[in-house]
Protein chains: 2
Amino acid sequence: MSQHRPTGPNGRSGGVPALPDLPEATVARLPEYLRALHHIAETGNDTISSEGLAAAAGVNSAKLRKDLSHLGSYGTRGVGYDVALLIDQIEFTLGLTQRRAVALVGVGNLGHALAGYAGFASRGFRIAALFDADQARVGEPINGLDVRHISELATVAAAESIAIGVIATPAAAAQDVADALVAAGVTSILNFAPCVLSVPEGVDVRKVDLAIELQILSFHEHRKSALTSLPGGLAEEAVGT
Amino acid sequence: MSQHRPTGPNGRSGGVPALPDLPEATVARLPEYLRALHHIAETGNDTISSEGLAAAAGVNSAKLRKDLSHLGSYGTRGVGYDVALLIDQIEFTLGLTQRRAVALVGVGNLGHALAGYAGFASRGFRIAALFDADQARVGEPINGLDVRHISELATVAAAESIAIGVIATPAAAAQDVADALVAAGVTSILNFAPCVLSVPEGVDVRKVDLAIELQILSFHEHRKSALTSLPGGLAEEAVGT
DNA sequence: CGCGATTTGTGCACGAGTTCACAAGCGCTT
DNA sequence: AAGCGCTTGTGAACTCGTGCACAAATCGCG
């Protein structure tokens, strides 16, 4: 992040795309494009226009073209994008050419569901191990995997070369689990616990808080109902001039 | 959104805060502040400085102050914010003074977990009804609630005055469910299915895609490992001049 | 072979959001 | 009562992201 790139502004002579330094907003949209592309590929289309792909991904077509231009020119003017090629490019950019191993910590209500979620496997990830602090849960088989005690985390993580951890524990335990994950060599964490994690530099944390999403919706609900019940929304011009 | 506010720039004489027109980014952070405040209140603190609250919420203190300033001046210079007062203010702004009823559609793997998630209840929401299209699941009791058939959605939504719907179905069914929710009067949707929903204007949709979060992390993993294995990261100055 | 239809890639302007830096205000102490 | 230290609230610069609009490029057809 804090180091210069000695390469030119737009690709290098070596032929390797090598770290095009994507905007974070673009990175966040690439998975959405990828999903849309897979869907399009299934319908038998070989090429897709930016307009079509943008519609399938729910974004503006100009934004989509700009996003894709950041990873190089893989479209053909007058034609569109080659679906298969674009899928390969995005998967490479996202580092999905290798199936990544994920450790899931916390096999409670939510963790149980995540362990059984087929969407992970189908999109490039393999849940390699399940952990829990509760001895009563250790040994329980879930989806073909036995729950292990959290104390085994370091050993298993090394053996399976796990770099991504998912925290699905109660908030009170989350920081300890995060520390354990980091100590075990995990450098990316997906946190479902409603709390802030502090991790050393170089470790990425993304947070998913289900209640927060609902609260944001609640705000908009609140605003909508306020609008319809306030004078401003109904009788604005009613006074007449 | 597209209408003028006849009020002055900063509050009205009526005494009601009434739609301060918050930036979306601020709205997304308010729930985080709220969670941090509840935590702080539990530890017995009556007031909290912007610095302290910012740390607890994982944000910059300047950003926090600007966010809070949007909902009015509820801090005391030289002292900080009154925790209880601030909680009330944020809860009011988010429309959490009334407990909102939520309909959950899709009682599969994930939906089952969501139905049992205590975090919803503790943060202002009540799961008022569960629905599924699978007749085999209808009638099954989950967490004190019987699963109902999706065809009952409109009736139940009206009876329970449900304005928020959660979609936890497979992607293939999500659009139909969304249509049904909208038809039943739902104006806010939280979508866990990996697909784009199209809804009429006035309906808010938020999306949570677990695989996308992992793919974003995968990108950063990919970049990190590329950095350490590429010459640029290690032997930059090794050639010497 | 040239022309027009089509679609990508991008320069540019605009808007939203973030961060800095500091004046204004509050309470405590002397 | 006056001064001092602390903290909020905010103006202003800056960064990041978005969207328009159009030139450049490609294909197909006559």
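Note that the structure is a prediction, hence the values are computed from the model and not measured. Here is how names work: the chains are called A, B, and so on, in the same order as the sequence lines, proteins then strands, and each is numbered from 1.
One axis for each end of the helix from dC1(C)-dG30(D) to dT30(C)-dA1(D), each built from five base pairs, and the angle between them comes to 10° at 10° resolution.
Taking the salt bridge (Lys or Arg N to Asp or Glu O under 4.0 Å) definition, one finds that R77(A) meets it with nothing, sequence neighbours left out. Not counting sequence neighbours, Y33(A) has no partner by the ring-ring contact (aromatic ring centres under 6.0 Å, His included) test. Applying the salt bridge (Lys or Arg N to Asp or Glu O under 4.0 Å) criterion to R126(B), with sequence neighbours excluded, gives E160(B). In this view, S50(A) and R65(A) satisfy the side-chain hydrogen bond (donor to acceptor under 3.5 Å, both in side chains) rule, not counting sequence neighbours. Every residue two or more places apart in sequence or in another chain that forms a side chain to side chain contact (heavy atoms under 4.5 Å, CB included) with S218(A) is listed here: L96(B), R100(B), F125(B).
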Pull out every protein N or O sitting under 3.5 Å from an N or O of nucleotides 28-30 of chain D, one pair per line with the distance.
none

Short N/O separations, protein against nucleotides 14-17 of chain D, under 3.5 angstrom:
none

Identify each atom pair where a protein N or O and an N or O of nucleotides 4-8 of chain C are less than 3.5 Å apart, giving names and distance.
residue : atom : partner : partner atom : Å
dT7(C)  : O4'  : G78(A)  : N            : 3.1
dT7(C)  : O2   : G78(A)  : N            : 3.3
dT8(C)  : OP1  : S50(A)  : N            : 2.5
dT8(C)  : OP2  : S50(A)  : OG           : 2.6
dT8(C)  : O2   : R77(A)  : NH1          : 3.1

Between the protein and nucleotides 28-30 of chain C, are there any N/O to N/O pairs under 3.5 Å, and if so, what are the atom names and distances?
none

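The list of salt bridge (charged side-chain N to carboxylate O under 4.0 Å, His left out) pairs with a residue in residues 24-33 of chain A, not counting sequence neighbours, reads R29(A)-D67(A), E32(A)-R35(A), E32(A)-K207(B). Screening residues 163-176 of chain B for side chain to side chain donor-acceptor pair (under 3.5 Å), with sequence neighbours left out, gives Q175(B)-D179(B).
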